[in-house]
Amino acid sequence: MKFVSTIVGVILFVLFFGFALKNTQEVDLHFFLNYELRGPLVLMLLAFFVAGAALGILALTPTVFRQRRQTSQHKNTIQALQSAAGTGTAQPTPDAVNPAQKLAQ
């Protein structure tokens, strides 16, 4: 499996490297307040991809922390219930017929 993932990684690297070589022309980005940024297209795409990934991670951060907090609360509840069940009355025994009683009948 590691060999297959290595091959896929090499193929993706070659494809992206070829994409980068084909897109080296200069582009202008116009922002507000007459701010302008000039650079190669592939670097602009890479920068905006990284910025989008970072913003996506930041957007998910509160959800991840909330889920972790809920998970720890659920674990604490489970431990409390298990300890309460262990300190309670003895476990009930299943109904069973004693062989000596069966012969006496």
Side-chain angles (χ1 to χ4, degrees):
M1 187 66 183
K2 185 166 176 74
F3 179 71
V4 173
S5 64
T6 303
I7 295 297
V8 169
V10 168
I11 290 171
L12 285 174
F13 175 77
V14 169
L15 286 174
F16 288 135
F17 189 71
F19 177 78
L21 288 177
K22 289 285 188 180
N23 292 295
T24 57
Q25 63 269 20
E26 292 281 323
V27 293
D28 293 330
L29 289 177
H30 300 279
F31 295 101
F32 295 109
L33 302 174
N34 292 330
Y35 183 70
E36 185 176 318
L37 185 64
R38 178 180 274 265
L41 176 62
V42 70
L43 290 181
M44 297 293 176
L45 288 173
L46 179 64
F48 279 95
F49 174 77
V50 169
L55 287 175
I57 290 171
L58 283 175
L60 285 176
T61 301
T63 303
V64 170
F65 282 128
R66 186 182 71 240
Q67 288 177 348
R68 284 185 182 178
R69 187 176 60 245
Q70 287 176 347
T71 301
S72 67
Q73 288 174 349
H74 291 314
K75 284 181 181 179
N76 292 339
T77 303
I78 289 171
Q79 288 176 352
L81 290 173
Q82 286 176 343
S83 65
T87 59
T89 60
Q91 295 289 328
T93 57
D95 293 335
V97 175
N98 190 355
Q101 289 176 345
K102 194 172 192 179
L103 292 175
Q105 292 178 356

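Basis for what follows: all heavy atoms, side chains included, without hydrogens, waters or symmetry-related copies. None of these values were measured; they are calculated from a predicted model.
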Engineer: I'd like to check the side-chain hydrogen bond (donor to acceptor under 3.5 Å, both in side chains) partners of R68; sequence neighbours left out, ordered by chain and number.
Structural biologist: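 With neighbours one apart ignored, the set is empty.
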Engineer: V64: which other cluster members, linking ILVMFWY side chains closer than 4.5 Å, directly or transitively?
Structural biologist: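 ILVMFWY cluster around V64 holds nothing else.
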Engineer: Indicate, with yes or no, if L15 and L45 share a hydrophobic cluster defined by side-chain heavy-atom contacts under 4.5 Å among Ile, Leu, Val, Met, Phe, Trp and Tyr.
Structural biologist: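 No; tracing contacts between hydrophobic side chains, which count when under 4.5 Å, never links both residues.
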Engineer: Do you know the tightest heavy-atom contact between N23 and F19?
Structural biologist: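 The pair with the smallest heavy-atom distance is ND2-O, 2.9 Å.
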Engineer: Any chance you could measure K2, atom NZ, to I7, atom CD1, to the nearest 0.5 Å?
Structural biologist: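 That separation rounds to 12.0 Å.
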Engineer: When clusters are formed by joining ILVMFWY residues with side-chain heavy atoms under 4.5 Å apart, either directly or through shared neighbours, do L58 and F49 land in the same one?
Structural biologist: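 The answer is no; the residues belong to distinct hydrophobic clusters.
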Engineer: Applying side-chain hydrogen bond (donor to acceptor under 3.5 Å, both in side chains), can you list everything that pairs with N76, at least two apart in sequence or on another chain?
Structural biologist: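 Partners of N76 under the side-chain hydrogen bond (donor to acceptor under 3.5 Å, both in side chains) test: none.
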Engineer: When you look at V42 and L46, which way does the side chain to side chain contact (heavy atoms under 4.5 Å, CB included) test go after all the steps?
Structural biologist: CA-CA 6 Å; V42 70; L46 179 64; 5.7 Å; no
Engineer: Nearest 0.5 Å please: distance from the NZ atom of K75 over to the CD atom of Q79.
Structural biologist: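 Going from the NZ atom of K75 to the CD atom of Q79 covers 8.5 Å.
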Engineer: Out of curiosity, does L37 fall in the hydrophobic cluster containing L41 (side-chain heavy atoms, cut-off under 4.5 Å, transitive links)?
Structural biologist: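 Same cluster.
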Engineer: Using the ring pair (Phe, Tyr, Trp, His ring centres under 6.0 Å) criterion, which residues pair with F17? Sequence neighbours excluded.
Structural biologist: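 Ring pair (Phe, Tyr, Trp, His ring centres under 6.0 Å) list for F17, sorted by chain: F13.
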Engineer: Between P40 and E26, is there a side-chain heavy-atom distance shorter than 4.5 Å?
Structural biologist: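 They are in side-chain contact.
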Engineer: Residues two or more places apart in sequence or in another chain: which of them pass ring pair (Phe, Tyr, Trp, His ring centres under 6.0 Å) with F65?
Structural biologist: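 Here no residue qualifies.
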Engineer: Identify, with sequence neighbours excluded, every residue that meets ring pair (Phe, Tyr, Trp, His ring centres under 6.0 Å) alongside F3.
Structural biologist: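 F3 satisfies ring pair (Phe, Tyr, Trp, His ring centres under 6.0 Å) with no residue once adjacent residues are dropped.
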Engineer: Go through F31 and L29 one step at a time and tell me if the side chain to side chain contact (heavy atoms under 4.5 Å, CB included) criterion holds.
Structural biologist: CA-CA 6 Å; F31 295 101; L29 289 177; 4.0 Å; yes
Engineer: If every non-hydrogen atom of R38 is compared with every non-hydrogen atom of M44, which pair is closest and at what distance?
Structural biologist: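 It is C-CE, 3.8 Å.
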Engineer: Measure the spacing between CE of M1 and OG1 of T6 and express it to the nearest 0.5 Å.
Structural biologist: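 The CE atom of M1 sits 10.5 Å away from the OG1 atom of T6.
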